[in-house]
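Take a look at the structure set out below.
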Amino acid sequence: MKSRAFWDSVKFSVSFGSVTTLIELLTGFTLAYFFYSKFRGMKLLFTLLITPMFMAPSLFGLMNRILFNNFIGLIPGYMKLLFNVDIDFFSPKNVFWTLVGIDVLQWTSFVFLIIYAALLGVPVQLMEASSIDGAGTFHKIWYVILPYIKPGIMMAGFLRFLESLRVFDSVYVLTGGGPGNLTTSISIFIYRTGFTMGDHGLASAAGMILFLCMLTPVLIVIKLAKRSW
């Protein structure tokens with residue numbers, strides 16, 4: 001396929017999916033380990049943490065579109081008032097990381113739930129034995145916890161990468177694929193090509209390539225999962 005716009009959309013989708021998945025895995029694991037330790041007020045914080053996950057992505061995107069708006073948004077307004085910083089979150093320089101931050105804000109809780117459930121399955125005996133052997137926090141995480149919950153981490157990363165790769169509604173509501181084609185994902189490209197431009201052949205070809213892009217990580221994860229289990 002020779003369409004420059006299509007390959008730009010592939011580049012954006014892969015970059016967006018990779019970056020958001022990595023950040024969500026790191027943040028989700030950190031939160032899961034924090035909650036694994038148990039503390040006062042845990043139930044309330046747990047509820048607040050998972051709330052964004054239950055909002056429709058389009059509604060969540062629209063809400064953040066207003067919050068981050070350069071003219072009427074609360075966040076740019078307070079940054080200007082408190083720190084005298086004038087920033088346009090949807091400028092070509094910042095828009096990618098704005099979208100990443102919003103996706104992380106909504107979907108880290110999904111990764112957190114999977115990893116937290118895996119953490120609860122770690123045998124207490126293993127943790128006690130590592131403590132008796134004098135293992136510190138880092139060694140417990142690296143040599144005990146991570147190997148045991150590896151399948152859960154792989155599953156969380158796999159699901160989030162596929163979802164981020166085919167992202168449509170949140171990005172479309174926030175930027176419409178702009179500025180220009182800078183944030184046009186594969187799904188947005190297919191929608192524009194098929195329903196706006198009426199080029200159903202090109203849209204079908206792009207859809208098939210998207211399917212193949214999603215099939216590759218599926219096969220890799222299945223192979224790795226078989227080794228883990």
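As the structure is a computational prediction, the values presented were derived from the model and not from experiment. Numbers here are sequence positions counted from 1.
- Ser185 and Ser13 share no side-chain donor-acceptor pair at under 3.5 Å.
- One N or O on the side chain of Thr183 and one on the backbone of Gly177 form a donor-acceptor pair closer than 3.5 Å.
- Under the 4.5 Å side-chain heavy-atom criterion for grouping Ile, Leu, Val, Met, Phe, Trp and Tyr, Ile72 is not connected to Ile102 through any hydrophobic cluster.
- Summarising the local packing, NZ of Lys80 is surrounded by more than 12 heavy atoms from other residues, nucleotides or ligands at distances under 6.0 Å.
- In this view, Arg65 satisfies the salt bridge (charged side-chain N to carboxylate O under 4.0 Å, His left out) rule with no residue, not counting sequence neighbours.
- Across all their heavy atoms, Thr30 and Leu26 have their closest contact at OG1-O, 2.8 Å.
- When hydrophobic clusters are built by joining Ile, Leu, Val, Met, Phe, Trp and Tyr residues whose side-chain heavy atoms come closer than 4.5 Å, directly or via intermediates, Phe34 is grouped together with Val111.
- Two rings, from Phe112 and Phe46, have their centers less than 6.0 Å apart.
- Between atom OH of residue Tyr33 and atom NZ of residue Lys140 there is a gap of 6.5 Å, rounded to the nearest 0.5 Å.
- Separation of atoms CD1 (Ile75) and CG (Leu67) is listed at 5.0 Å; rounding is to 0.5 Å.
- In this structure a side-chain-to-backbone donor-acceptor pair under 3.5 Å is present from Gln106 to Pro52.
- Contact record, Ile115 with Ile149: CG2-CD1, 4.0 Å, taken as the closest heavy-atom pair.
- Here the side chain of Ser9 pairs no donor or acceptor atom with the backbone of Phe189 at under 3.5 angstrom.
- Environment of OH in Tyr143: sparse, with no more than 12 heavy atoms of neighbouring residues, nucleotides or ligands closer than 6.0 Å.
- With Ser187 contributing its side chain and Arg166 its backbone, the two residues share a donor-acceptor pair below 3.5 Å.
- Residue Tyr191 places its OH atom among 12 or fewer non-hydrogen atoms of other residues, nucleotides or ligands, all under 6.0 Å distant.
- The cluster map of Ile, Leu, Val, Met, Phe, Trp and Tyr, joined by side-chain heavy atoms under 4.5 Å apart, puts Phe168 and Leu182 in the same cluster.
- Taking both residues in full, the closest heavy atoms of Pro179 and Val95 are given as CD-CG1, 4.0 Å, listed atom of the first, atom of the second, then distance.
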Verdict with reasoning, Ser164 to Thr20, per side-chain hydrogen bond (donor to acceptor under 3.5 Å, both in side chains): CA-CA 7 Å; Ser164 299; Thr20 54; 3.2 Å; yes
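- When atom types are taken as modelled, the side chain of Asn94 and the backbone of Phe90 share no donor-acceptor pair closer than 3.5 angstrom.
- A side chain to side chain contact (heavy atoms under 4.5 Å, CB included) with Ser18 holds for exactly one of Thr21, Val14, Leu22; it is Val14.
- Interatomic distance, OG1 of Thr184 versus CD1 of Ile190, reported as 12.0 Å (0.5 Å rounding).
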Sequence neighbours left out, cut at 3.5 Å: what donor-acceptor pairs do the side chains of residues 196-211 make with other protein atoms?
unit_1: Asp199; atom_1: OD1; unit_2: Leu202; atom_2: N; d: 3.2
unit_1: His200; atom_1: ND1; unit_2: Gly194; atom_2: O; d: 3.4
unit_1: Ser204; atom_1: OG; unit_2: His200; atom_2: O; d: 2.8

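- Of the possible polar contacts, none joining the Thr108 side chain to the Leu105 backbone as a donor-acceptor pair under 3.5 Å is found.
- Residue pairs meeting the salt bridge (Lys or Arg N to Asp or Glu O under 4.0 Å) criterion with at least one partner in residues 89-108, sequence neighbours excluded, are Asp103-Arg160.
- Placement of Ile23 and Leu25 in two distinct hydrophobic clusters is found when ILVMFWY residues are connected by side-chain heavy-atom separations under 4.5 Å, directly or transitively.
- Following chains of ILVMFWY side-chain contacts shorter than 4.5 Å, one cannot reach Phe16 starting from Trp7, and the two form parts of different hydrophobic clusters.
- Pro76 approaches Asn69 most closely through the heavy-atom pair CG-O, 3.3 Å.
- Residues Phe54 and Ile50 share a closest heavy-atom pair of CD1-O, 3.2 Å.
- A 4.5 Å side-chain heavy-atom check between Tyr148 and Leu119 finds every atom pair outside the cut-off.
- Here CG of Asp8 is found 10.5 Å from CZ of Phe6. Values are rounded to the nearest 0.5 Å.
- In this structure, Ile188 CD1 and Arg192 CZ are separated by 6.5 Å, a value rounded to the nearest 0.5 Å.
- Put simply, OG on Ser91 and CZ on Phe89 are 9.5 Å apart, with the number rounded to the nearest 0.5 Å.
- Taking every heavy atom of both residues into account, Val144 and Ser130 meet most closely at CG2-CB, 4.0 Å.
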